[in-house]
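Small disclaimer: the values here were computed from a predicted structure and weren't measured. Here is how names work: the chains are called A, B, and so on, in the same order as the sequence lines, proteins then strands, and each is numbered from 1.
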Amino acid sequence: MTTVHTPAEEHAMDPTRRNFLHTLAATGLAAGFWPRALRAASRATVVVVGGGFAGATAAKYLRVWAPEIEVVLIEPNREWISCPLSNRVLAGSLSLRDLKRDYGRLAERHGVKLVHATVTQVDPARREVRTDQGERIAYDRLIVAPGVDFVYDDIAGLQTEPARERVPHAWKAGPQTLLLRKRIADLPPGGVVAIHIPKAPFRCPPGPYERASMIASYLTTRNPKGKVLVFDANPDIQSKKALFSHVWGTRYPGMVEYVPNADLKAVDATRGVMKFDLQGEVRADCLNVIPPQRAGGIAYQAGLVAANERWCRVGFLTYESVAARGIHVIGDSVAAAPGMPKSGHMANQQAKVCAGAVAALISGTPVNDDPIIANTCYSFVGAREVIHVASVHRYDRAQKTMLPVKGAGGVSSEVSTEEALFAVAWGFNLMNDVFS
Amino acid sequence: MTRNSGSTAWVLAALVAWGPALAQSDQHKVRQWAASCAACHGTEGRSEGGMPPIAGRKADELYTLMLAFKSGERPATVMHQHAKGYSDGELRQISEYFSRVKP
């Protein structure tokens, strides 16, 4: 039978890769973890860095769609916690436990190899990554999905860990969510919560406004004289503007106050003061500063972020970096196409396009040149009331990017309890699509 | 045998492989389109509650529903906004894809 050699097979015979395997064998590292790689050196290996919505989805779908590919997922955490729905934890209507998933099923059901470590270095020349555990792991293709890093540089007073505990971001779900939740529960009667929203783009565009609504919903029953001040560095509400304004005006009148163009310069964590360019000093009982964001650190180390930029530019058929061949970037770290939000749903969608493309590139078959992806963000605005924003995105050949389909997508026609059921179902089906 | 051997056998093999390869790339396209529904309806359309399951249902039924969402004839909270992002032909192929999935 005639076989056509694929790029993957060429990679497998690449001398650097063989050297790597020898090194592994020599150091004994291969003994526990890599016997299969040693036995079948012709199998292509895809390494995925980061196990969030993007990375974990890519790992799973690669194994489902191309079981002949070896997939190694490198992620420091043993369990994962969903950011979507976590604003409900602040209001006490959901437990953080409900939002936890572990990585076990990706290994058991899908044969993803899990490495719990942090990647400290990507070496594109040798096509390998190094971890803080001293491992060196070779790849044929690399998928980088590190999410966002927070940038506190321009906010004086938030440079230390204790300050960041007093002024939680709660923008990565986990202990920070519980810190903020406690601060809200401990609010004195008539106390004030102040939220700061960074300049776009940031992770989860409707999230801060949902948060303001959920805190207001909690205060309405527990602390009815309490207040929520929303200081937005942007000139306007970034998502579902009419719906959020409507909710605040009708359900929480006098409780939620929205201040646009509020550029945060400094924070006094001990006194509970925020200092703004235009608005001066504001004191509150509970501060929540959502910091400015950029691509996760490893993307910088790997040279995937251009000078003076914050995100990784990619081609939208494969999510391959424009800066490095053989390295793909998905999720929040991507320099988004027009109208493409940084969301868990979107990360999940990008991951599948990327997984399909990586499988095609490795097997030498054509890459899907007509990807269609969709996004929906459901936001709770009351204990049982929800609104959504939806969009469908397709590849535009002339502009070589993804564009929202005109006439498709949109927002909820009204605030509804019906959508609360769908919102919870969305959250859980999405988590299952990533982890089970 | 290597890619640059230039033998007739290779060319023939490539020609024979071409047809199925095209069909396969179409399948991969539809598979990706269908996967765009999974975030809400569950992997392969096997919803674990809350959202209607769409795996293993008759292609005609799914297609009729999708067209009704697209035209606005069938009331919906969100499906009309998604259905409008796909051509009728794409919806037909997606419906057929889900009809072949075991529920």
Side-chain angles (χ1 to χ4, degrees), chain A residues 1-6 10 57 60-61 64-65 344-345 348-349 352-353 355-357 359-360 364-376 378 388-394 404-405 407-413 416 418-419 421-430 432-434 436, chain B residues 1-5 7-18 20-53 69-70 75-87 90-91 93-94:
Chain A
M1 218 187 104
T2 315
T3 54
V4 177
H5 277 229
T6 64
E10 287 160 19
T57 304
K60 167 177 161 177
Y61 273 81
V64 171
W65 285 344
H345 191 143
N348 162 273
Q349 302 277 296
K352 294 173 197 172
V353 174
T365 53
V367 168
N368 172 10
D369 58 358
D370 200 6
I372 312 174
I373 58 179
N375 181 72
T376 299
Y378 285 101
H388 81 253
V389 56
S391 49
V392 181
H393 307 250
R394 309 182 60 122
V405 179
V411 298
S412 303
S413 55
S416 81
E418 189 187 2
E419 284 209 277
L421 300 173
F422 291 139
V424 173
W426 161 79
F428 286 88
N429 273 335
L430 182 52
N432 290 338
D433 191 37
V434 182
S436 23
Chain B
M1 164 153 220
T2 63
R3 181 182 282 172
N4 46 18
S5 70
S7 76
T8 333
W10 188 87
V11 176
L12 272 180
L15 278 175
V16 171
W18 197 58
L22 259 189
Q24 192 196 32
S25 77
D26 272 358
Q27 275 171 24
H28 288 176
K29 227 178 237 191
V30 177
R31 177 178 81 177
Q32 185 274 310
W33 297 340
S36 75
C37 316
C40 292
H41 288 282
T43 303
E44 297 283 36
R46 296 189 195 101
S47 172
E48 308 203 15
M51 295 279 183
F69 284 131
K70 200 172 166 181
T77 56
V78 74
M79 268 316 291
H80 55 307
Q81 296 172 347
H82 283 281
K84 285 175 188 154
Y86 305 74
S87 73
E90 288 157 0
L91 292 175
Q93 286 173 283
I94 293 170

*Asks:* Taking side chain as everything from C-beta outward and backbone as N, CA, C, O, which of these in A:F422 sits under 4.5 Å from a heavy atom of chain B? Side chain, backbone, both or neither.
*Replies:* both
*Asks:* What residue in A:N432, A:D433, A:T57, A:V424 has the most heavy-atom pairs under 4.5 Å with chain B?
*Replies:* A:D433
*Asks:* Between A:T376 and B:H82, does a side-chain hydrogen bond (donor to acceptor under 3.5 Å, both in side chains) hold up when you go through it step by step?
*Replies:* CA-CA 9 Å; A:T376 299; B:H82 283 281; 2.8 Å; yes
*Asks:* Within the 3.5 Å criterion, strictly below it, is a donor on B:Q81 or A:H388 matched to an acceptor on the partner's side chain?
*Replies:*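 Result is yes, a qualifying pair exists.
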*Asks:* Do you see a donor-acceptor pair shorter than 3.5 Å between the side chains of B:Q24 and A:T365?
*Replies:* no
*Asks:* May I have the step-by-step check of side-chain hydrogen bond (donor to acceptor under 3.5 Å, both in side chains) for A:S412 and A:E419, ending in yes or no?
*Replies:* CA-CA 9 Å; A:S412 303; A:E419 284 209 277; 2.6 Å; yes
*Asks:* Can you confirm whether A:V405 sits close enough to B:Y86 that some side-chain heavy atom of one is under 4.5 Å from a side-chain heavy atom of the other?
*Replies:*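 No; the side chains remain at least 4.5 Å from each other.
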*Asks:* Answer with side chain, backbone, both or neither: which region of A:D369 has an atom nearer than 4.5 Å to a non-hydrogen atom of chain B?
*Replies:* both
*Asks:* Under a 4.5 Å heavy-atom cutoff, which of B:R46, B:H28, B:Q32 has the most pairs with chain A?
*Replies:*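 Heavy-atom pair counts peak at B:Q32.
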*Asks:* Please test B:K29 against A:D370 for side-chain contact (heavy atoms from CB on, under 4.5 Å), starting from the C-alpha separation and ending with a verdict.
*Replies:* CA-CA 7 Å; B:K29 227 178 237 191; A:D370 200 6; 4.0 Å; yes
*Asks:* What part of A:N348 gets closer than 4.5 Å to chain B, counting heavy atoms only: side chain, backbone, both or neither?
*Replies:* side chain
*Asks:* Checking B:H80 against chain A: side chain, backbone, both or neither under 4.5 Å from a heavy atom?
*Replies:*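 It is neither, since no heavy atom gets under 4.5 Å.
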*Asks:* Given that the side chain runs from C-beta out, which part of A:V411 has a heavy atom under 4.5 Å from chain B: side chain, backbone, both or neither?
*Replies:* backbone
*Asks:* Given the options A:H345, A:R394, A:K60, which has more heavy-atom pairs under 4.5 Å with chain B than any of the others?
*Replies:* A:R394
*Asks:* For a quick test of reading the model, state the closest non-hydrogen atom pair linking A:V392 to B:G85 and the distance between them.
*Replies:* CG1-CA, 3.8 Å
*Asks:* Based on non-hydrogen pairs under 4.5 Å, which of A:P404, A:G409, A:A359 is most in contact with chain B?
*Replies:*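 Option with the greatest count: A:G409.
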